[in-house]
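Take a look at the structure set out below.
Here is the naming used below: chain letters follow the sequence lines, and residue numbers restart at 1 for every chain.
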2 protein chains.
Amino acid sequence: MISIKEVAKAAGVSTSTVSRVINNSPSISQSTKDKVWAVIKKLNYSPNNIAKALITNKSYTIALLIDVDDDKSFQNPFFYEVIHGIEKSCQEKEFSLMVANVNTKMKKQDIISWLVKSKRAEGIVLPVSILTRELVKELKDMGIPFVAVGEVDSIQDNVSWVDIDNKKGTEKAVYYLYEQGLKDIAFIGYDSTKDFSKRRVEGFKSAIEKIGISNNDSWIISCNNSKEQGYKEMMKLIDSGKMPQAVICGNDSLSVGVIKAIQDKDLKIPEDISVISFDSRQIASLMYPEVTTVDVDVFEMGYQSAKMLFDLIENNNLTDQGLLISTKIIKRNTTK
Amino acid sequence: MISIKEVAKAAGVSTSTVSRVINNSPSISQSTKDKVWAVIKKLNYSPNNIAKALITNKSYTIALLIDVDDDKSFQNPFFYEVIHGIEKSCQEKEFSLMVANVNTKMKKQDIISWLVKSKRAEGIVLPVSILTRELVKELKDMGIPFVAVGEVDSIQDNVSWVDIDNKKGTEKAVYYLYEQGLKDIAFIGYDSTKDFSKRRVEGFKSAIEKIGISNNDSWIISCNNSKEQGYKEMMKLIDSGKMPQAVICGNDSLSVGVIKAIQDKDLKIPEDISVISFDSRQIASLMYPEVTTVDVDVFEMGYQSAKMLFDLIENNNLTDQGLLISTKIIKRNTTK
DNA sequence: AATTGTAATGCAAACGTTTGCACTGAAAAA
DNA sequence: TTTTTCAGTGCAAACGTTTGCATTACAATT
C-alpha cells in the first residue's frame, strides 16, 4: 500500500509538504499544491487514517451501542432507522461509525472501556434504556462525550439526549380528532413502566384539558403492547356501554388488536370509531384498513443525536441538552 | 491516557516485556507475567489498538455496507438482524464493526476505497444487491476479502456468499402442506426481477415434481410484494373457479392481501384454504389469524457471513464458497 | 575450569503520519 | 549595498505499539 513517502519522492518534495497539501495548509504555494495533488491522483494515494489517528490522538470514529435485549421500547425497524440517521451524520463529518451490541449479561462498562481506550472512539451514542446512573458517572469520569437516544430523566445529572416528542404527539392526535368533531376519546395502552408511554399519556391529559373536554379517567386504559391485550381492552371498553368516538393507541402492535375488536363487534372504522396509532409506518400501512398514525421520524432522531455528539466532541465544555423531534399525523383510513 | 511505557516503568521492566505479557508470549517467565499483570490491573491500562494497528498493519476491523435504497429485497427488520449477527461474530473475534450506508447516487468504489485504504478495514460484508461485476473485479484487485449477503450468480467469478436457502424453504412448505393432505397448491408472488423470488419458485416446482402432484403452471402467479397486488391476484384466483387448497406466498406484505381476499370471499382459513408465507416473524404474528411461515434465520445469516469473512482474512488463499442457511416451518394459525 | 546452551529480557528500529522549529532565498526596507 | 522580513519548505521528533536481534546470567555439558 502506497504511503506519503512515496508520494513525496515522486513529487520531489518532503513528506511534511505532502501532509500539508492534504490538510490544505495555507502555507503551501498553489503551484506546489497542484503538483502534489497531481501525484496523489496518479498514484491513487489515500492517507492512512490509523497513522493519523495515532499522532493526532483523534480516531474520527464514534460508537453506537445497541441494546439487543430491549426489543420492547426499541423495536427492530425503529432502531434500524436510527442507525441510518447516525451514519448519515457521520458521513457528513467524515467520521466512521462502529456498532456494538450489548445485552444485560454483558458489563457495559467493559464494552465502553474497550471502545474508548482501545478503539479510541471519540464519542458514544447509546439507547437510554441501558443508561444507569452508575454508567453516566463512569462516562463523565472518563470524559467521553455521549448522547442518549431517548429522553433522560431530568433528575439525572446533565446528559444530552434526543427523543421523539411523544407528549406533543398525543396532543396532536387529540387535536386532530377534535377537529373532526370527536370529543369522546380514549387512550389505550398506558404502560407505567415505560417513560415514553408516560409522556404519551401526559400529552393526552394536557390536550384534553386545554380543549376542555370532560376527562374521564377510566378512558386512559393501561395495558402492554400486544395485540391480545389491545383486543381484550377494546372489547371491555365497547361492552362497558359508554363507547368512545375515537381511540388513540399508545403503541403499534396494540392497535392491531384494537382494530380487530372493533371489527368483531361489527362496528365501522372510522364511521363508528376512529383510531389513531403511534409510529410503525410499516405495520400501519399493512393493515386493513390502513391506520392513521402519529408518525415519528426516527431517522431524524438518529441524525440529530449524532450531530449533537459531534458538537459535544468539538466543543467539550458545551452544556448538555435535550432535543425533541416533532411528530406529524399521517392520515390513512382509520380516521375521517 | 496511560500507555505501555508507564506500565513498564511501574513494573520495572521494558516496554517490550509488557507488550509480550499482553500478547501472552511464551518467552516471558510466569513471575514476570504476574508482576506485570498486577500493574496493568492497578493502573487500569488498556492497550491502544490504533498504535497496534499501525505497527501490525491489522486494524481488527471489518466494514458492513448497507444499501439504503434497496428497501425491497433487504427490508428493515431483516437487515437489522443481519447486523446483530455480524456484530456477534465480531465480538467473538474481538474485531470491531464499522457500518457505512451506500445508495445508488454514491460511488461505491469511493466508499470502499475509503474504508479499506484510510480506515484500514480488513474485510467487507456487503449486500449482493450492490455487487456489480465491476465492483467484484475492483475488490479482487485490491485484494480485500469480502463476502456477500445473498446468493451470487454462479456466472460471477468466485465470490463468497451466504444466503437463506430459499429453494428448500418453498420445498419444505410444499411438503408440509402435502402432509396435511393438500395437493392443489398455488404459489403467489413470483417476481422475476428478484433472484430470491426465482429460487423460491424453483423450490416450488421441484417439490411439486418430486411429490408428483400435477403441476398447473397458471398456479405460479407473478406479482410484486404489496398487499394490494396480493389481494387482487388472490381474488382473481378464487374467481377463476378452480380454487387451490393452499397458497404459498412468496413474500410477506403480499400475504396480508392474500389473507384479506380469502376472508372477503367468506372462506375460512385454514379450513377452506391454507396459507404459508415467507419470513417476517413480526408481521406474521401480528396478523389475524397469525400466519404460518417459512422462517428464515437472518441473524444466523449475518453471523455466518462474518465468520466466513474471518476465514477469508486469516487464510487469504481460501477458495470462495456459498453457504445456504436452512429454514424451518413455523406453524401458526393459517394451516391445519 | 572452560565451553556451550538456553531461558528471559532489553534495545532500538519501525509503522505512516503531523507539526514545531529551523532554514532558505528572494523581495522589501533601510 | 546591507539588513530585515516573510512566504515556502524541510528536518526530525513524536504518537504507542511490536519484534528481530543482541545481551545477560545461569545451568548443563565437556
Side-chain angles (χ1 to χ4, degrees), chain A residues 1-37 39-40 43-61 94 96 113-122, chain B residues 1-37 39-40 43-61 94 96 113-122:
Chain A
M1 193 115 9
I2 123 134
S3 83
I4 201 173
K5 287 182 189 164
E6 308 171 55
V7 175
K9 189 183 286 176
V13 295
S14 70
T15 59
S16 338
T17 298
V18 177
S19 173
R20 285 190 258 257
V21 168
I22 291 165
N23 296 293
N24 200 25
S25 156
S27 67
I28 301 289
S29 73
Q30 192 56 47
S31 61
T32 314
K33 282 184 182 174
D34 294 345
K35 182 175 63 184
V36 172
W37 270 118
V39 176
I40 290 175
L43 298 186
N44 195 18
Y45 163 75
S46 307
N48 181 334
N49 255 261
I50 299 227
K52 179 172 180 171
L54 182 60
I55 188 98
T56 61
N57 202 26
K58 298 186 175 186
S59 63
Y60 304 98
T61 299
E94 299 199 60
S96 53
S113 174
W114 181 70
L115 288 168
V116 173
K117 289 175 149 183
S118 287
K119 291 301 186 163
R120 301 279 145 155
E122 295 189 46
Chain B
M1 195 121 3
I2 123 133
S3 83
I4 201 173
K5 287 181 191 164
E6 307 170 55
V7 174
K9 190 183 286 176
V13 296
S14 70
T15 58
S16 336
T17 299
V18 177
S19 173
R20 285 190 256 256
V21 168
I22 291 165
N23 295 293
N24 200 25
S25 157
S27 66
I28 300 290
S29 73
Q30 193 55 48
S31 62
T32 320
K33 281 185 182 173
D34 294 345
K35 181 174 66 182
V36 171
W37 270 118
V39 175
I40 290 175
L43 298 186
N44 194 19
Y45 163 75
S46 308
N48 181 335
N49 254 263
I50 299 225
K52 178 172 181 171
L54 182 59
I55 189 94
T56 60
N57 202 26
K58 299 186 176 188
S59 62
Y60 305 97
T61 298
E94 300 200 57
S96 53
S113 173
W114 181 70
L115 287 169
V116 173
K117 289 175 149 182
S118 288
K119 290 299 186 164
R120 301 277 147 158
E122 295 188 47

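Taking Ser31(B) as the reference, Ser29(B) meet the side chain to side chain contact (heavy atoms under 4.5 Å, CB included) condition, with sequence neighbours excluded. By the side chain to side chain contact (heavy atoms under 4.5 Å, CB included) test, Lys35(B) pairs with Val13(B), Thr32(B), sequence neighbours left out. A search for side chain to side chain contact (heavy atoms under 4.5 Å, CB included) contacts involving Lys9(B) returns nothing, not counting sequence neighbours. Listed by chain and residue number, Thr61(A), Lys119(B) satisfy the side chain to side chain donor-acceptor pair (under 3.5 Å) test with Ser96(A) (two or more places apart in sequence, or in another chain). Looking at residues two or more places apart in sequence or on another chain, you find a side chain to side chain contact (heavy atoms under 4.5 Å, CB included) between Leu43(A) and Ile2(A), Val7(A), Ala10(A), Val39(A). Judged as a side chain to side chain donor-acceptor pair (under 3.5 Å), and not counting sequence neighbours, Glu94(A) has no contacts.
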Dump every N/O contact between nucleotides 17-20 of chain C and the protein below 3.5 Å, one line per pair.
| from | atom 1 | to | atom 2 | distance (Å) |
| --- | --- | --- | --- | --- |
| dT17(C) | OP1 | Tyr45(A) | OH | 2.8 |
| dT17(C) | OP1 | Asn48(A) | N | 3.1 |
| dT17(C) | OP2 | Ile4(A) | N | 2.8 |
| dT17(C) | O5' | Tyr45(A) | OH | 3.3 |
| dT18(C) | OP1 | Asn23(A) | ND2 | 3.1 |
| dT18(C) | OP2 | Ser19(A) | OG | 2.2 |
| dT18(C) | O5' | Ser19(A) | OG | 3.4 |
| dT19(C) | O4 | Ser16(A) | OG | 3.3 |

Short heteroatom pairs, N/O only, protein and nucleotides 4-6 of chain D, under 3.5 Å:
none

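In this structure, of dT9(C), dT9(D), dG10(C), it is dG10(C) that holds the atom nearest to the side chain of Ser14(B).
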Side chains of residues 44-53 of chain B: which donor-acceptor pairs under 3.5 Å do they make with residues two or more places apart or in other chains?
| from | atom 1 | to | atom 2 | distance (Å) |
| --- | --- | --- | --- | --- |
| Asn48(B) | OD1 | Ile50(B) | N | 2.7 |
| Asn48(B) | OD1 | Ala51(B) | N | 3.3 |

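Overall, the helix from dA1(C)-dT30(D) to dA30(C)-dT1(D) carries an axis bend of 60° between its ends, with five pairs at each end and the value rounded to 10°.
OP1 or OP2 of dT9(C) has at least one side-chain nitrogen or oxygen of Thr32(B) nearer than 4.0 Å.
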